[in-house]
Structure formats: structure tokens, C-alpha cells
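First comes the structure, then the notes that go with it.
Reminder, nothing fancy here: chain letters follow the sequence lines and each chain counts from 1.
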Amino acid sequence: MSLKGKFFAFLPNPNTSSNKFFKSILEKKGATIVSSIQNCLQSSRKEVVILIEDSFVDSDMHLTQKDIFQREAGLNDVDEFLGKIEQSGIQCAKTSCITKWVQNDKFAFQKDDLIKFQPSIIVISDNADDGQSSTDKESEISTDVESERNDDSNNKDMIQASKPLKRLLQGDKGRASLVTDKTKYKNNELIIGALKRLTKKYEIEGEKFRARSYRLAKQSMENCDFNVRSGEEAHTKLRNIGPSIAKKIQVILDTGVLPGLNDSVGLEDKLKYFKNCYGIGSEIAKRWNLLNFESFCVAAKKDPEEFVSDWTILFGWSYYDDWLCKMSRNECFTHLKKVQKALRGIDPECQVELQGSYNRGYSKCGDIDLLFFKPFCNDTTELAKIMETLCIKLYKDGYIHCFLQLTPNLEKLFLKRIVERFRTAKIVGYGERKRWYSSEIIKKFFMGVKLSPRELEELKEMKNDEGTLLIEEEEEEETKLKPIDQYMSLNAKDGNYCRRLDFFCCKWDELGAGRIHYTGSKEYNRWIRILAAQKGFKLTQHGLFRNNILLESFNERRIFELLNLKYAEPEHRNIEWEKKTA
DNA sequence: AGGCCAATACTG
DNA sequence: CAGTAT
DNA sequence: GCCT
């Protein structure tokens, strides 16, 4: 297929990342991209095709969400503009037509590809129910978005929930007051600190809702603009502070220490020791603690079944210290390059991107999150196979040191290592287990990897990336594997740490939603999804929905727009950090 | 007394 | 389903 | 653990 002599223009915004990508596709085929839409109108060349982003075209091939379209395209009057296009006879199609052309290797319009400009009142006569309901839905959406916007500007729903978080996105005014409020009241600072620790404590113990209550109480304290003098005062004047927390506040004010917490610090640490191991969550940690285990070796002896049913715990134990240790951005990037290079030899069209804390600009990353996708490919099974092939290659190259999930193919390679770990742990019951793979095809790969000594040397010689804006995180004192458990350790003694590497894949059509999901942070995902739910949407890694109807999944910015949010760069999706730098 | 809850994928 | 993970 |  050659597109020589053909002209294309993208609307409403030619500079989105997806459109940039589409441009390069068309240019490769010989097409010319018209940057200014005014130009193509003036010259009134009929060979121009205008490509309009799918999300602005409804099922009847009419333009919807005109207000947003107008703003994004930088137009003064959409209707006037559309009139001109119609007059000149320029063809308009959905951007996704490119996908069709590429797949069929043919540039041609089919019957319903072209966007219609005549308002079709006729639709109703055909099938009253269908036509009616679908147009109803569209108008419902746009009016709702509209009314949300009005609400926001009146600051109505801002006061209700997650006030500090909303303020974060509101610019500098809110931030400044947040800071001055905070530092003025000494009592409150003390109480907030205590509530924060209690929240963390209950999170470790897996007490989801109790933790939530403390979190909400903490937020109330943070938004409180007077000095709290008694527990009773806090209870009556603030939301989310009930009798129990009020009582604790009173004790803090009286004695300066928080009740119950100092006593249970021991418990907290014991649970943490187990929970820090990959594969151990709050439930197993609690159980082992109740059984008075204080080390993995005791657990291995007295509760070997747990290790046989979830063998990944063995590797969590083996790499305990390494996996708690964070790496530099440079190292993260080196891992990406390594994977990318291997991927080119397997499927050059497949692409891979860093997500997670790296993407959010952290100077230290706990793991490497890689997202795989392939232009126009919506077949995750195909992606899964590519990833599996890649894993096999990287394992044979000595880069991958362990898998935390297996397919039959990977099991063949890796079984020896699992057996070796069981022997070292002196656990015998593993022989009864017949298979160690979970399913034929897996779509997420979790593993442990190490750079080669040579790559590590190169890394050391690299310049620091201090020049860029980096986000530092306060260091937490790390728990170390106890000496008694060291016999299983495969932790680095030479500075070459084992790193956690995750492969995810994503359908091409869901790239935007997938990026939001895997970029995180966890807290940000929670926050934005609650917000979405409050506005009647549902946000997942597969897209933004309303009444289970997909509204958008490809275009990241548009998801923000539909939620009436300003686009947040990944660096601004870090809740704790945003608060601190406010 | 019962709801609150991010939403989802994978394993046994 | 519970548990752990992202 | 707080809210309804």
C-alpha cells in the first residue's frame, strides 16, 4: 500500500502520543501530514483526509462531545468549522481506520467509515428504541460531565471527601494553606503522627476497614484549622473521629504517648518480618506469629505444607534482603535496555515500556515494571507467547535467576532450581507435587534478575542523572534476614543484587488505561478510581466505563478529561510526595 | 447490624 | 473461596 | 473503627 500524494490531518489534537505514532505510520507509507487544519481548508484540496479521534465519533458516525472537541482543536466555533469542511467535500474518518488500512494493506473507505455531518433525525423511524437510547446515552454523558464541571467551579463537591487530595490538583493556593495550617498547631502534629502509625499498623495486620478509619481520622486532623485541645473537642467538631479515637487523642494530649501502640510495636515488627517476604501476606504472617514462629526456618520445619503449596515463598526467602533493596534509576534503565535488545530479536514490532515508580520519577526503584504492547495487536495471547519466548531466552542468557510463576515450557527449564531450593530448606514433602506450572499460557511474568558483572561495571561508570528533577523518598530502616535464616539466602554479597522484574502486557486498544494502571501509584489508583466511582464511572486497567459501556481506553489524556481532571504527569501521581512538596 | 472497600488476575 | 499479588 |  502506498499513500504517496495523499494528505492527512489529525483532529482534534494532532500531538497526542497516539497520533504521533499514527503519523509515523502514514509517513512511512509515503503520505503527507498536514499540520495546520486551516491550510488544508484554504487550499480546499480534495485529496485531504481528516482523521478524527474515535472517542469523538458516536455509533451513528456523528461527531459528539463538540465542546471538548472545540477546546482541544483550539477552534473558536466548531459548527462553523464543520460547515466549511462539509462544503469543501473533505472526507473525515475515524483515526482507527488507519488500523484497518494497515491490516488489509489497502487504503479504501467502506460504507460506514465516513463521518456524517447532517444531523440524522431520520434514525428514529428505523428502529425507534435503538436509535433513541443510544442518542440518549450520548447526551446523558455530555450533560453529566457538564454539570460536574459546574459543581466543581462552585466548590460544592470539593468539601465532601478527600479534601487534601483534591487540593493537590487545584494548584498552589490550596497547597499553601495546607502547609501553613499544618505547621501552626503543635498538638495536631503529634496526633496526626500517632494516627499515621496506627493506620500503618492495621494495614500490616490486614485490618482493612479499621485502617481506613484511622486514615480518615488522620485526614480530618490534617484539614483541621484549629488546635485540638481535647479528645472530646475532636470528636464533636471533626468528622470520622468517634469515641475510640477521641479517647486515644485524650491520652496522647495527657501523656504525650499513644496508648496501645508502644506495647504492640513488637507484634508489628514480627508480622513485618514475615510479610516482607514475597508470597507472605497478612494472613500467613498472623498465623505464623500465633504459632510463635519467629523465623522462616522454624516455619519450614513446622509448616512445610505452606512452602509446597506456594513454592514462590522459597524464593522470597532466598532473595529476602535483595528484594528489599532499591536500585538507581540508571540501573532500572539498564534493565529496560537489556530486555528491549532481546525483544528485538524475537518480535521487532513489539514494544516495551517502563512503568511504576521509575515512570513517576523516583530516584530509587524497588522493582522494574515493564509493559508490553504491539501496534494494532489486541491479542494478549500473542503477547503472552512473545513474553514467554523472551523469558526463555533471558533465562538461558543467565539474566533471569528465578521465576515466580511458570508455564510448562518454563517449568522444564526451572524445575531443577525449585528442587534445589527445597533440598536446601530441608523440606521433603515436595515430591508429591506433580506439576509446578500454573497454566499453559500466562500473561504476567514475575521474576528475579541480575545484571552480568560486565553490565554492572558499565553501570558504575555511567553519569549520575542528578540533573533531572528527581523525587526522593524517605528511607525506611530495612528489616534484615535473621542469621538463623541465612542458610537459604542467595542475597548478593558482591553488590550485584537480584532485582524484581515484572512483565505485563496490554491490548493496543487499552494502552492508555493500562499505562495509568501500571504507572500507579497504588494510592493514586485508589484515589482516582474512587473519584471516578463518585462521578458514576468505573475505571480499571481495561478502560473507563459508564454503565459498563466503554467510554475510552486508548487515550490516556481523554480518560482524565472525561473525569473532568487536568492531566496529571506521572511525576504528579505520587500522593505522599505531592503532599510533602506542597 | 451492616456497610465501608480500587479493581483485577492468578493459584491452589 | 481465601490469599497474595499487581 | 466510624457512619447510618
Legend entry - DNA chain C contacts made by residues 279-288 of chain A, counting heavy atoms under 4.0 Å: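 Result for residues 279-288 of chain A: A:Gly279, A:Ile280, A:Gly281, A:Ser282, A:Glu283, A:Ile284, sorted by number.
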
Inset, instruction - Decide if the gap between the ring center of A:His335 and the ring center of A:Tyr399 is smaller than 6.0 angstrom. - result: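 When the ring centroids of A:His335 and A:Tyr399 are compared, they turn out to be within the sub-6.0 Å range.
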
Inset, instruction - Would you please indicate yes or no on a ring centroid separation below 6.0 angstrom for A:Phe274 and A:Phe293? - result: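 No: the rings miss the under 6.0 Å criterion.
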
Classify the nucleic acid contact of [X] as base, sugar-phosphate or nothing, counting any heavy atom under 4.0 Å across all strands shown.
{"X": "A:Lys208", "value": "base"}
{"X": "A:Gln405", "value": "sugar-phosphate"}
{"X": "A:Leu216", "value": "nothing"}
{"X": "A:Phe504", "value": "sugar-phosphate"}
{"X": "A:Lys522", "value": "base"}

Salt bridge (charged side-chain N to carboxylate O under 4.0 Å, His left out) partners for [X], two or more places apart:
{"X": "A:Glu510", "answer": "none"}
{"X": "A:Lys338", "answer": "A:Glu455"}
{"X": "A:Arg215", "answer": "A:Glu203"}

Legend entry - Results of ring pair (Phe, Tyr, Trp, His ring centres under 6.0 Å) for A:Tyr320 - residues two or more places apart only: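 For A:Tyr320 the ring pair (Phe, Tyr, Trp, His ring centres under 6.0 Å) partners, ignoring immediate neighbours, are A:Tyr273, A:Phe296.
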
Inset, instruction - Please identify each residue that fulfils ring pair (Phe, Tyr, Trp, His ring centres under 6.0 Å) with A:Phe545, with sequence neighbours left out. - result: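 Testing A:Phe545 for ring pair (Phe, Tyr, Trp, His ring centres under 6.0 Å), a comparison that skips the adjacent residues, returns none.
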
Inset, instruction - Only pairs at least two apart or in different chains count here, so list each ring pair (Phe, Tyr, Trp, His ring centres under 6.0 Å) that has a residue in residues 190-218 of chain A. - result: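 Every pair satisfying ring pair (Phe, Tyr, Trp, His ring centres under 6.0 Å) with a residue in residues 190-218 of chain A: A:Tyr202-A:Tyr214.
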
Can you see if the side chain of [X] gets near the phosphate of [N] - specifically, an N or O under 4.0 Å from OP1 or OP2?
{"X": "A:Lys538", "N": "B:dA6", "value": "no"}
{"X": "A:His542", "N": "B:dA9", "value": "yes"}
{"X": "A:Arg433", "N": "B:dG12", "value": "yes"}

Starting at atom [atom1] of [X], determine the distance to atom [atom2] of [N], rounded to an integer number of angstrom.
{"X": "A:Glu510", "N": "B:dA7", "atom1": "CD", "atom2": "P", "value": "17 Å"}
{"X": "A:Asn240", "N": "B:dC5", "atom1": "CG", "atom2": "P", "value": "12 Å"}
{"X": "A:Leu563", "N": "B:dA6", "atom1": "CG", "atom2": "C1'", "value": "13 Å"}
{"X": "A:Phe537", "N": "B:dA7", "atom1": "CZ", "atom2": "P", "value": "14 Å"}
{"X": "A:Asp502", "N": "B:dC10", "atom1": "CG", "atom2": "P", "value": "13 Å"}
{"X": "A:Leu531", "N": "B:dA7", "atom1": "CG", "atom2": "P", "value": "12 Å"}
{"X": "A:Glu203", "N": "B:dC5", "atom1": "CD", "atom2": "P", "value": "15 Å"}
{"X": "A:Arg435", "N": "B:dG12", "atom1": "CZ", "atom2": "P", "value": "6 Å"}

Inset, instruction - Walking along DNA chain C from 5' to 3', note the first and the last nucleotide with an atom under 4.0 Å from a heavy atom of chain A, and give both. - result: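 That gives a stretch of C:dG3 to C:dT6.
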
Inset, instruction - Between C:dT4 and B:dA6, how far apart are the C1' atoms? Round to whole Å, please. - result: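 About 16 Å, rounded to a whole number of Å.
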
Legend entry - Interatomic distance at P, D:dT4 relative to B:dC5, whole Å: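 D:dT4 and B:dC5 have their P atoms separated by 13 Å.
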
Legend entry - Test: A:Arg573 cationic atom under 6.0 Å from A:Tyr362 six-membered ring centre, within 45° of axis: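 Pair A:Arg573/A:Tyr362 does not count as cation-pi.
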
Inset, instruction - Using only heavy-atom distances, decide whether a donor-acceptor pair under 3.5 angstrom links the side-chain of A:Arg212 to the base of B:dC4. - result: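 Indeed there is one.
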
Legend entry - Worked verdict on A:Trp323 versus A:Tyr497 for ring-ring contact (aromatic ring centres under 6.0 Å, His included): CA-CA 8 Å; A:Trp323 286 352; A:Tyr497 294 98; over 10 Å; no

Listed by chain and number, what are the side chain to side chain donor-acceptor pair (under 3.5 Å) partners of [X], not counting sequence neighbours?
{"X": "A:Thr199", "result": "none"}
{"X": "A:Lys443", "result": "A:Thr380"}
{"X": "A:Glu382", "result": "A:Lys374"}

Inset, instruction - Please list, in 5' to 3' order, the outermost nucleotides of DNA chain D lying under 4.0 Å from any heavy atom of chain A. - result: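 So the outermost contacting nucleotides come out as D:dG1 to D:dC3.
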
